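Here the structure comes first, spelled out in structure tokens, and everything after it is commentary.
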Amino acid sequence: MTNKEKHISRFYKRFWIFAAIIIVLPLLFVLSVILFGNLPDTKVLENPKTNLATEVISSDGVVIGKYYDANRTPVSFAELSPQLVQSLIATEDLRFYDHSGVDFRRLFTIVFYNIVGKKQGASTISQQLAKNLFPRDQKLNKAQLVWRKVEEWITATRLERLYTKEEILAMYLNTVEFNHNAIGIKSAAQIYFNTTPDKLTTVQASMLVGMLKNSSLFDPISRPNNTQKRRNTVLHLLNKEGYISDEECAAAQVKPLGVDYHPESHNEGTATYFREYLRQVLKEWAAKNGHDIYTDGLKVYVSIDSRMQKYAEESVNEHLKIMQKALNAQYKNSHTKPWSEVPEIVNVAMKQSDRYHEMKKDSVPDDQIMKTFETPVRTKLFSYNGEIDTIISPLDSVKYDLYFLHCGFMAMEPNTGLVKVWVGGINYKYFKYDHIKSNRQVGSTFKPFVYAAAIMNGYSPCLKVLNAPVVFEDYHNWTPQNADNMFDGEWMTLAKGLATSTNRITAWVMKQVGIEPVVNLAHKMGIESHLDPVPSLCLGTADLSVYEMVSAFNTFNNKGSYIEPVLITSIEDKNGNVLQKFVPKSEDALDENKDYVMINMLKGVCNGSLYGTGSRLRSKFNLRGPMAGKTGTTQNHSDGWYMGLIPQLTGGVWVGGEERAIHFNSMGNGQGAALALPIWGYFLQKVYADKSLGISDTKDWDKPAGDVGIEMDCTKYESSKPPDEGTLEREVFGND
């Protein structure tokens, strides 16, 4: 062999050795990763574990809240707009439909670019999905990073074998993270544009896809200019790939971002108090049934109607904004403070604050805590005209918050028990306490239970009683007085006594039927709290919740049958399998015929001709349809109530200060008809105006078939009395 031939032989030998090293070593490396790497098995790939948010879905199909560790709700490919898919492919992976997980052509091109100093990423969408599903450890050296990268390549190719291209696109968009607690495209579409992925336009889709490069750098809320430039880059890529024309690209690039920002927070949105109460209920349910509401992606279907809830919250805000202004003016003009007579309420409120609890938990001495509360700091305060950003001491902040009137408002369907409205307060961000389940003195709203006991015993609403003092001899001669001197000495029918909320008439009824029957009936109708068996109960001295009162009044509205309020109708898992349906308990409490008599008596409360305490629903709010109800006011006007009934809804409203010392000084503003009733009035106006709700302002209560057994026509009642019955005095009081 010649030297030349030997030289050529050595060259080929070295070439093939080099080629073998180039080919074999990577193959051996990949084989090592396959054999010894931390690769997910097929079972895991077929069912990748991702934390999914539990959705709360209203009766009209609106997602009103979520519970999550990660705010992610999955969507399918069919729920993605074409513009979104085009933007993603044009920006992230042009050859997505041509490779099998790893784009080697692009890989070698990117290696060249990186060698010459033009850094670019080579990951395909499938590789990025693998990375999102099985995140890297953040502390990897270069060798570990290479090893991890190969693991992702292998995982990407396996994903390609298990899923269609469309499924991979949807899975990827379900795993990407944006700013502002948005994980996945569905959350991002809702938070940034208040829409759904299938409705995303080219301009909107381009912005969201552009954010994937760096969601903090390209955040439309904090860095809109950066975000617009990045969006326009995506639009340019769409144009370059032929998805949009030059004209469409130019027109889109000059458009504003058009962000419709809807942050998802437990403090914001609709039904905030309801969502927090529901969270506690669901946590208990989940613990018993082996689920996690923060990660399992449950779908919780609730009774709340998002439209009615919106109207209820608007009505509370609309009315209490006016009443708060009046209360503030009262204290300002009188130069008195609510705590002048009850100084301890400031100390109590301070000790209930989060700041105080945190400092006590850290064992801070009391004198240091007090010093901290007296030192001004930058604080945000609630107001009906928007947040106030100011510098104020925490102690003065506590005093500021004490002035506010609060509210509890609940409404439910009579026959189904479905709770349609739950407003636990005026602003959940600033005032977390829920007034639906909290007890307050109910005042005259308790009186219908007393009258119902009488009707159950055969009394007619037309029976006349003298409006005169009634003495309970067995109870230290307790003798209740009327709130004013109206109708003193007048013979009044029971119907008018209830309509005018006359204390003496109610006391007389209580004395006739007895205390225990009233207590027992109230419990059967839905009152759960303890009721002291004392005569003053007839005037509403009991502390009860809005929840109890609405469910009990609903018994009047449901033909005498108590039905347990329903908050959850069903719960499904992430795949749509029904885990549980919820059916309310019910129990007959009142005879249907006698209940119909009570409904007609409660109608009288809204009747001006009877001087009904709820008649301003007609005079002020011009509500003409059939309605019934009852007002309530407690001592010193500390609590204002209105219980409202229409054939298709039962509602209850309470208004008052956090502390009983916070109240109006006069009946004009302090009575339930002024404090609470207008919220029901505003609400009904809105509900009747929304025809999609199907709530009719002409529908009346159905009369039971046949004779109800008690005469309700007072003219007929008077004429039907036998001649020898004697005078009304003997009829009512006996012949002494």
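All residue numbers in this chain count up from 1 along the given sequence. Here the structure is a predicted model, which is why all the values come from computation and not from measurement. FYI, side chains are in, hydrogens and waters are out, and symmetry mates aren't considered; it's all heavy atoms of this structure.
Between F274 and V421, the closest side-chain pair of non-hydrogen atoms is not below 4.5 Å. Between T164 and E167, some side-chain heavy-atom pair lies under the 4.5 Å cut-off. The shortest distance between side-chain heavy atoms of P263 and E268 falls below 4.5 Å. L257 places a side-chain heavy atom less than 4.5 Å from the side chain of P224. Residues S696 and Q648 form a side-chain contact, since some pair of their non-hydrogen atoms from C-beta on lies under 4.5 Å apart. Taking 4.5 Å as the limit, some side-chain heavy atom of V281 sits within range of a side-chain heavy atom of I568. Using a 4.5 Å heavy-atom threshold, the side chains of S215 and E177 count as separate. L208 places a side-chain heavy atom less than 4.5 Å from the side chain of F193.
With sequence neighbours left out, the ring pair (Phe, Tyr, Trp, His ring centres under 6.0 Å) criterion links Y261 to H180. The ring pair (Phe, Tyr, Trp, His ring centres under 6.0 Å) test applied to Y277 returns W422, not counting sequence neighbours. Every residue meeting the ring pair (Phe, Tyr, Trp, His ring centres under 6.0 Å) condition with F431, not counting sequence neighbours, appears here in chain and number order: F382, F404, H406. By the salt bridge (charged side-chain N to carboxylate O under 4.0 Å, His left out) test, K429 is found to be paired with E387, residues two or more places apart in sequence or in another chain being considered. Partners of E247 by salt bridge (charged side-chain N to carboxylate O under 4.0 Å, His left out), not counting sequence neighbours: none found. Looking at residues two or more places apart in sequence or on another chain, you find a salt bridge (charged side-chain N to carboxylate O under 4.0 Å, His left out) between K165 and E160. Partners of E564 according to the salt bridge (charged side-chain N to carboxylate O under 4.0 Å, His left out) rule, which considers only residues two or more places apart in sequence or in another chain, do not exist here. Taking the ring pair (Phe, Tyr, Trp, His ring centres under 6.0 Å) definition, one finds that Y294 meets it with nothing, sequence neighbours left out. The side chain to side chain donor-acceptor pair (under 3.5 Å) check on E55 picks up T73, K299, with sequence neighbours excluded.
Contact check on E313 versus K310 returns no salt bridge, with no Lys/Arg side-chain nitrogen under 4.0 Å from an Asp/Glu carboxylate oxygen. Using a cutoff of 4.0 Å between basic side-chain nitrogens and carboxylate oxygens, R279 and E284 are not scored as salt-bridged.
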Checklist entry - What do the steps show when you test N194 against Q190 for side chain to side chain donor-acceptor pair (under 3.5 Å), and what is the final call? => result CA-CA 4 Å; N194 193 26; Q190 173 62 36; 2.9 Å; yes

Item to check | Check against side chain to side chain contact (heavy atoms under 4.5 Å, CB included), T569 and K581 | outcome: CA-CA 6 Å; T569 55; K581 286 183 176 291; over 6 Å; no

Checklist entry - Could you walk me through whether Y68 and N181 pass the side chain to side chain donor-acceptor pair (under 3.5 Å) check? => result CA-CA 10 Å; Y68 52 80; N181 221 6; 2.9 Å; yes

Next on the checklist: Set out, in order, the CA-CA distance, both residues' side-chain angles and the distance that settles side chain to side chain donor-acceptor pair (under 3.5 Å) for Y311 and D690, then state yes or no.
Outcome noted: CA-CA 10 Å; Y311 300 148; D690 187 345; 2.6 Å; yes

Next on the checklist: Quick one, L579 with N289, criterion side chain to side chain contact (heavy atoms under 4.5 Å, CB included). Give me CA distance, side-chain angles, the key distance, then yes/no.
Outcome noted: CA-CA 9 Å; L579 300 175; N289 292 276; over 6 Å; no

Checklist entry - Hey, mind stepping through K420 and S59 against side chain to side chain donor-acceptor pair (under 3.5 Å) and telling me if it holds? => result CA-CA 8 Å; K420 312 309 290 184; S59 62; 3.2 Å; yes

Checklist entry - Could you go step by step and tell me if M207 and V259 meet the side chain to side chain contact (heavy atoms under 4.5 Å, CB included) rule? => result CA-CA 10 Å; M207 189 200 89; V259 170; 4.0 Å; yes

Acceptor/donor pairs from residues 408-416 side chains to any protein atom, 3.5 angstrom cut, sequence neighbours excluded:
unit_1, atom_1, unit_2, atom_2, d
E413, OE1, T416, OG1, 2.6
N415, ND2, N558, OD1, 2.9
T416, OG1, L418, N, 3.2

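Among N226, N179, T227, the one residue that satisfies the side chain to side chain contact (heavy atoms under 4.5 Å, CB included) test with L217 is N226. When Y547, Y428, Y433 are each tested for a ring-ring contact (aromatic ring centres under 6.0 Å, His included) with Y273, only one passes: Y428. For the side chain to side chain contact (heavy atoms under 4.5 Å, CB included) criterion with L298, the lone passing option out of E572, H291, K574 is H291.
For CG of D354, the number of neighbouring non-hydrogen atoms (other residues, nucleotides, ligands) closer than 6.0 Å is 12 at most. Residue K432 qualifies as enclosed at atom NZ: its count of foreign heavy atoms under 6.0 Å is above 12.
Between the side chains of D219 and S222, a donor-acceptor pair is found at a separation under 3.5 Å. Side chains of N554 and T650: a donor on one and an acceptor on the other come within 3.5 Å. For the residue pair K131 / S123, no side-chain donor-acceptor distance below 3.5 Å is found, with atom types taken as modelled.
Of the inter-residue distances, the one linking Y67 atom OH with D292 atom CG reads 13.5 Å to the nearest 0.5 angstrom. Interatomic distance, N71 CG to L52 CG, rounded to the nearest 0.5 Å: 11.0 Å. Within the model, atoms CD of Q228 and CG of N225 stand 7.0 Å from one another, a figure rounded to the nearest 0.5 Å. Distance check: L212 CG to R230 CZ gives 8.5 Å after rounding to the nearest 0.5 Å. Atom-to-atom distance recorded for S100:OG and L159:CG is 12.5 Å, nearest 0.5 angstrom. With rounding to the nearest 0.5 Å, the separation of OH in Y192 from CG in L200 is 13.0 Å.
Listed by first then second residue, pairs satisfying salt bridge (Lys or Arg N to Asp or Glu O under 4.0 Å) with a partner in residues 59-87 read D60-R307, K66-E264, not counting sequence neighbours. Residue pairs meeting the ring-ring contact (aromatic ring centres under 6.0 Å, His included) criterion with at least one member in residues 196-245, sequence neighbours excluded, do not occur.
The backbone N or O of I563 lies less than 3.5 Å from no partner atom in the side chain of S586, so there is not a single donor-acceptor pair. In this structure, the side chain of S58 engages the main chain of V62 through a donor-acceptor pair within 3.5 Å. Side chain of N577 to backbone of D573: no donor-acceptor contact under 3.5 angstrom is found. Between the side chain of S206 and the backbone N or O of R231, no donor-acceptor pair lies under 3.5 Å. At least one donor-acceptor pair under 3.5 Å links the side chain of H262 to the backbone N or O of D260. For T295 (side chain) and N51 (main-chain N/O), no donor-acceptor pair under 3.5 Å exists by modelled atom type.
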